[in-house]
Amino acid sequence: MEKSDDDSYSSSSSSNWFKLMLTCPQGLSPSQLCVDFSESYDRIPHPDSTLENSIAQIWDNNKKKKLEQNNNISFYNGTKFRAILYFYLLRTQIEYAFTLASQTTSSQSMSLMESASDFLTFMGTNLNPLWDKFLVPSEDECKRCQHTSSPLGNGAIVETSDEKIVVLQRSKNVGEFPGYFVFPGGHPEPQEVGITSHQFVENVAERELINKKVSQEMFDSIIREVVEEIGVPARYLSDPLFIGISRRELNVRPTAFFFMKCSLQSEEIQNLYSTAQDGFESTQLYTLSMPDLEKMRTKMPGCHHGGFALYKLMVEALKK
């Protein structure tokens with residue numbers, strides 16, 4: 001990401017940083033999340049050939065810059081999930097494409113429509129200095145973002161046994177928002193379920209099996225990310241609950257958020273953090289109370305700022 005993007009982002013109004021695309025304050029379990037993985041949800045190339053060709057150019061320029069600087073920024077291409085959301089309430093299909101859901105019940109389930117994308121296309125569309133040129137003027141969010149990669153990230157609201165929330169400060173050597181505060185997270189990985197490219201699968205049984213694997217990966221991946229980033233073994237973590245999707249308005253970057261409890265206290269987590277596999281991605285771990293987290297949220301990227309808003313909605317739902 002260009003430094004100028006971070007600067008303009010920091011000076012903008014916090015109310016413009018994110019949009020809640022879907023809220024599930026009571027939380028969804030794996031059995032309530034269904035996936036339809038299909039090439040029909042792939043990104044549509046932009047009709048402007050100059051803009052479309054800039055995708056590969058940006059990748060090549062950034063790769064060259066990295067080699068010249070010989071720094072430690074992680075830079076590699078990889079397959080990611082591109083997502084379109086559909087929402088099911090009481091088994092009656094109501095289509096929302098990244099649309100805010102105002103009601104949540106225990107009988108709610110959600111179907112996630114996914115295709116494949118990659119980091120190269122993400123960097124060349126969502127992180128392109130001309131990223132807004134890829135957007136289509138439309139109230140339909142799917143149509144609006146049909147030319148962007150928009151890979152679905154994930155984030156975890158991890159609550160400690162002493163009722164604090166885990167937050168990380170990002171390293172200066174990461175590509176997006178270096179030095180900002182974030183919740184642990186990353187991306188669900190297609191490779192984890194054997195998807196290395198997007199090939200059409202005609203067999204119905206095989207497609208259903210792939211869909212089930214992708215659905216489970218949504219939950220498995222957030223546990224994996226938390227374990228790798230904060231060093232806490234999975235046995236100390238509760239099963240994650242999906243609480244919604246927040247989109248960063250800068251670069252239209254969507255992130256699925258999950259809530260999980262950790263049976264360890266803050267001090268124990270701090271001790272384990274030094275052994276985290278992906279500790280190089282962050283410089284410090286914090287465990288914060290709700291009031292302290294409220295103060296820190298303006299120093300978060302928009303999607304994580306929205307993640308905190310989703311957590312507050314969950315807390316309010318529990319009170320009721």
Side-chain angles (χ1 to χ4, degrees), residues 1 27 30 66 69-81 119 151-193 216-243 255-290 292-293 295-297 299-301 303-305 307-308 310-311:
M1 175 173 292
K66 176 180 181 294
Q69 293 177 341
N70 192 29
N71 56 32
N72 294 319
I73 295 178
S74 298
F75 197 93
Y76 62 92
N77 194 19
T79 308
K80 303 297 178 187
F81 288 119
F119 186 66
L152 185 64
N154 61 23
I157 312 298
V158 181
E159 186 180 277
T160 67
S161 63
D162 50 342
E163 300 183 342
K164 301 292 180 64
I165 300 298
V166 175
V167 174
L168 299 170
Q169 184 168 21
R170 287 172 64 78
S171 165
K172 295 294 185 181
N173 292 324
V174 294
E176 287 188 84
F177 289 92
Y180 276 65
F181 298 97
V182 296
F183 299 111
H187 300 85
E189 299 292 351
Q191 296 91 334
E192 291 289 333
V193 291
Q216 187 60 48
E217 169 61 10
M218 301 298 293
F219 290 84
D220 291 345
S221 62
I222 192 59
I223 295 175
R224 191 168 60 244
E225 293 287 359
V226 169
V227 170
E228 292 175 356
E229 292 196 356
I230 71 175
V232 171
R235 65 181 180 273
Y236 295 114
L237 301 172
S238 67
D239 293 335
L241 288 175
F242 172 79
I243 60 173
T255 301
F257 279 92
F258 298 79
F259 173 77
M260 63 179 71
K261 290 189 176 184
C262 178
S263 60
L264 300 178
Q265 294 193 351
S266 297
E267 185 177 352
E268 295 173 297
I269 296 173
Q270 287 284 2
N271 292 334
L272 289 169
Y273 173 61
S274 62
T275 66
Q277 176 181 325
D278 289 349
F280 63 92
E281 295 182 357
S282 60
T283 57
Q284 192 167 349
L285 180 146
Y286 298 85
T287 51
L288 304 173
S289 63
M290 178 73 88
D292 289 337
L293 190 55
K295 297 175 184 177
M296 184 179 282
R297 65 187 173 89
K299 300 177 183 178
M300 291 180 163
C303 43
H304 286 256
H305 194 163
F308 178 57
L310 290 169
Y311 172 62

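Being a predicted model, the structure only gives us computed values, none of them experimental.
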I'd like to know if the side chain of S161 and the backbone of Q265 have a donor-acceptor N/O pair within less than 3.5 Å. yes
How long is the straight-line distance from CD1 of I165 back to OG1 of T287, given to the nearest 0.5 Å? 9.5 Å
Nearest heavy-atom neighbours spanning G279 and Y273: O-OH, 4.1 Å
From OH (Y236) to CG (L272), nearest 0.5 Å: 7.5 Å
Nearest 0.5 angstrom please: S221 OG to E189 CD, how far? 7.5 Å
Restricting to non-hydrogen atoms, name the atom on P233 and the atom on V227 that form the minimum distance, rounded to 0.1 Å. C-CG2, 4.3 Å
Could you tell me whether the side chain of D220 reaches within less than 4.5 Å of the side chain of E192, counting heavy atoms only? no
Tell me whether E163 at atom CD has more than 12 heavy atoms from other residues, nucleotides or ligands lying less than 6.0 Å away. no
In Å and rounded to the nearest 0.5 Å, what is the CD1 to CG distance from I157 to L241? 12.5 Å
Worked verdict on C262 versus I269 for side chain to side chain contact (heavy atoms under 4.5 Å, CB included): CA-CA 9 Å; C262 178; I269 296 173; 3.8 Å; yes
Can you confirm whether P240 sits close enough to M260 that some side-chain heavy atom of one is under 4.5 Å from a side-chain heavy atom of the other? yes
Shortest non-hydrogen contact from P190 toward P188: CD-O, 3.6 Å
State the CD1-CG distance between I222 and N154, to the nearest 0.5 angstrom. 3.5 Å
Taking every non-hydrogen atom, the tightest pair across M218 and F258: O-CZ, 3.5 Å
Nearest 0.5 Å, what's the CD-CG distance between E229 and D278? 6.0 Å
Please report the closest heavy-atom contact between A276 and I230, naming both atoms and the distance. CB-C, 3.8 Å
Assess whether atom CG of D239 is packed by more than 12 heavy atoms of other residues, nucleotides or ligands within 6.0 Å. no
Ring centroid separation for Y311 and F183, is it under 6.0 angstrom? no
Looking at every non-hydrogen atom in both residues, tell me the closest pair between L264 and T160 and how far apart they are. O-CB, 3.6 Å
Report the C-alpha separation of H304 and F257 in whole Å, then their side-chain angles, then the decisive distance to 0.1 Å, and conclude whether the side chain to side chain contact (heavy atoms under 4.5 Å, CB included) test is met. CA-CA 9 Å; H304 286 256; F257 279 92; 4.1 Å; yes
Scan R170, H305, M300, E176 and name whichever one has a side-chain contact (heavy atoms from CB on, under 4.5 Å) with V182. R170
Side chains of Q270 and L285: closer than 4.5 Å at any heavy-atom pair? yes
N-O pairing of K164 and E267 below 4.0 Å: no
